[in-house]
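For reference, the structure discussed in these notes is given below.
The figures that follow rest on heavy atoms only: side chains count, while hydrogens, waters and symmetry mates do not. By convention in this document, chain letters (A, B, ...) are assigned in the order of the sequence lines, proteins followed by strands, and residues within each chain are numbered from 1. Here the structure is a predicted model, which is why all the values come from computation and not from measurement.
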2 protein chains.
Amino acid sequence: MRAEADGKLGVYNIPLREMLTYRLSRLNARLNAQAAKILKESSGLSQAQWRVMVMIDAYGPIPPAQIVRASLMDKGQLSRTIKAMAAQGLIRINDSESDHRSHLISLTDRGRTLFERARPAMQARQSQLAGTLGGDDRAAFHRVLDRLEQALDAAE
Amino acid sequence: MRAEADGKLGVYNIPLREMLTYRLSRLNARLNAQAAKILKESSGLSQAQWRVMVMIDAYGPIPPAQIVRASLMDKGQLSRTIKAMAAQGLIRINDSESDHRSHLISLTDRGRTLFERARPAMQARQSQLAGTLGGDDRAAFHRVLDRLEQALDAAE
DNA sequence: GGAAAAAGGTTGATCCGTCAACAAAAAATG
DNA sequence: CATTTTTTGTTGACGGATCAACCTTTTTCC
């Protein structure tokens, strides 16, 4: 019924749909929604919590500052995420001996259980996405991302 | 100083940096920040306001529902954006004759002035970004986005 | 033509991400 | 060693995006 109206839209001008930044942001929103859904169904974790767990899993007990450096998360958001995770018993916070401003966070058993519960689905998603691209396309994609990032760097 | 620590991070595991969804989301965040900055400096518009103006410019006076269909904006957010723009005198809201639920929005002179003030910088940015990619890469990029969107569609 | 379904819009709640201000501790510098 | 600078983390504020509930009007369908 409205298909006709929608069809007409694209005819004489292409305001948004073809713009690359717009496409990127829509795609990103959809990918986020998908990840959030998978996490919620498999484990109830938020994406921020998942990211923190991935970092702990990869690097062992680490200080928040290291997560900020490696993941580019905002430190404010990270601070809140950590506090919530500790309250839920997902992570343990130990004061650092060497630096009295900081502390080391690590997964509790409960945290690890949830992490392992979410991991298969998250990995499957990642490989499914990677798998829909041929090797050539994947390489091209990374090349494009590199270029765009360089362009952003150049523009300060 | 910390280059050494960061260097070590990537050695035995690649938790975030290489994952395509992560790269996409970082790039998207940076692009958004850049657009927001350009808009703010050139015209004081928000991205949502800019998008509404682009749609009006392309399609003439239109009902909000059409913007929702064409841009995939959330109708709640759009409703608020429109209210704010009307309050700032950027757009005019006329009741629709044919549909008493709806109305038609169009740019005021003031709105058009701001739009024209922002447009050159926004277009320059768009072509600068497109220009940093070769034609081949740009085609590959669109192909990849298509594939990823299809993959998302397939996953419901 | 009347009941049910769909579409248009508004509003409120909530979450996420970013930014700025701040306090405490550590590192750098002279 | 004292002072300045940097790093770390916490907190508050704000805009953006999403979701759900709701009301009104239009469309569909019998």
Side-chain angles (χ1 to χ4, degrees), chain A residues 1-6 22 25-37 39-40 44-52 62-87 91 93-105, chain B residues 1-2 5-6 22 25-37 39-40 44-52 62-88 93-105:
Chain A
M1 303 68 260
R2 285 295 168 175
E4 159 249 323
D6 282 332
Y22 175 77
S25 105
R26 292 308 314 173
L27 177 61
N28 185 52
R30 292 190 63 188
L31 288 169
N32 276 344
Q34 190 196 37
K37 183 160 169 260
L39 283 172
K40 191 174 171 195
L45 296 170
S46 72
Q47 286 190 83
Q49 290 177 334
W50 171 253
R51 256 176 283 147
V52 168
I62 48 174
Q66 190 171 336
I67 298 185
V68 167
R69 276 194 301 270
S71 77
L72 303 184
M73 263 178 103
D74 177 75
K75 64 180 181 169
Q77 190 196 1
L78 181 59
S79 171
R80 284 178 247 260
T81 302
I82 286 176
K83 201 207 281 188
M85 291 176 81
I91 59 174
I93 302 180
N94 297 311
D95 287 356
S96 164
E97 296 281 329
S98 57
D99 187 335
H100 286 193
R101 295 166 300 184
S102 184
H103 37 252
L104 295 173
I105 62 179
Chain B
M1 10 218 15
R2 284 296 168 172
D6 283 334
Y22 175 76
S25 104
R26 293 308 314 173
L27 177 62
N28 185 52
R30 291 189 63 188
L31 287 169
N32 275 344
Q34 191 196 36
K37 182 159 168 263
L39 282 172
K40 191 175 172 197
L45 296 170
S46 72
Q47 286 190 84
Q49 292 177 333
W50 171 252
R51 255 176 284 149
V52 168
I62 48 175
Q66 191 171 334
I67 299 186
V68 166
R69 276 195 300 273
S71 78
L72 304 184
M73 263 178 103
D74 178 74
K75 63 179 181 171
Q77 190 198 358
L78 180 59
S79 172
R80 285 179 247 261
T81 302
I82 286 176
K83 200 207 283 188
M85 291 175 80
Q88 291 176 254
I93 303 180
N94 298 310
D95 286 357
S96 164
E97 297 280 330
S98 58
D99 189 334
H100 287 189
R101 296 167 300 185
S102 186
H103 37 253
L104 295 173
I105 62 178

Sequence neighbours excluded, which residues qualify as side-chain contact (heavy atoms from CB on, under 4.5 Å) partners of P63(A)? Q66(A), S102(A), L104(A)
Check the distance between dT7(D)'s P and D99(A)'s CG and give it to me in whole angstrom. 12 Å
Is there a side-chain contact between L31(A) and S25(B) in this structure, where contact means two heavy atoms from C-beta onward sitting under 4.5 Å apart? no
Applying side-chain contact (heavy atoms from CB on, under 4.5 Å), name anything that partners N94(A), two or more places apart in sequence or on another chain. R92(A), S106(A)
Which residues pass the side-chain contact (heavy atoms from CB on, under 4.5 Å) test with N32(A), not counting sequence neighbours? N28(A), Q47(A)
For R26(A) and for A65(A), locate the closest nucleotide of DNA chain D by heavy-atom distance; then report the residue assigned to the nucleotide nearer the 5' terminus. A65(A)
Given atom CD of E97(B) and atom C1' of dT26(D), what is their separation to the nearest angstrom? 16 Å
Close N or O pairs between protein and nucleotides 20-24 of chain C (under 3.5 Å):
none

Please state how far atom CG in L45(B) lies from atom P in dG16(D), giving the value in whole angstrom units. 11 Å
NA contact type, A33(A), heavy-atom cut-off 4.0 Å: base, sugar-phosphate, or nothing? nothing
To the nearest Å, how far apart are I62(A) CD1 and dG9(D) C1'? 15 Å
Is the distance from OP1 or OP2 of dT11(D) to the nearest side-chain N or O of K83(A) less than 4.0 Å? yes
State which residues pass side-chain contact (heavy atoms from CB on, under 4.5 Å) with T81(B); sequence neighbours excluded, sorted by chain then number. A48(B), Q49(B), V52(B), M73(B), Q77(B), M85(B)
Contact check, side chains of K40(B) and S46(B), non-hydrogen atoms, under 4.5 Å: no
Round to a whole Å and report the spacing from CG of L31(A) to C1' of dC16(C). 17 Å
Here the distance between atom C1' of dG9(D) and atom CZ of R69(A), to the nearest Å, is 13 Å
Whole-Å gap separating P (dG15(D)) and CG (N32(B)): 16 Å
Please give, in whole Å, the distance from dG16(D) P to R51(B) CZ? 9 Å
In chain order, what residues pass the salt bridge (charged side-chain N to carboxylate O under 4.0 Å, His left out) check against D99(A), with sequence neighbours excluded? R101(A)
Name the closest nucleotide to the S79(A) side chain, picking from dT11(C), dT10(D), dT18(C). dT10(D)
Is the shortest side-chain N/O distance from S102(A) to OP1 or OP2 of dT8(D) below 4.0 Å? no
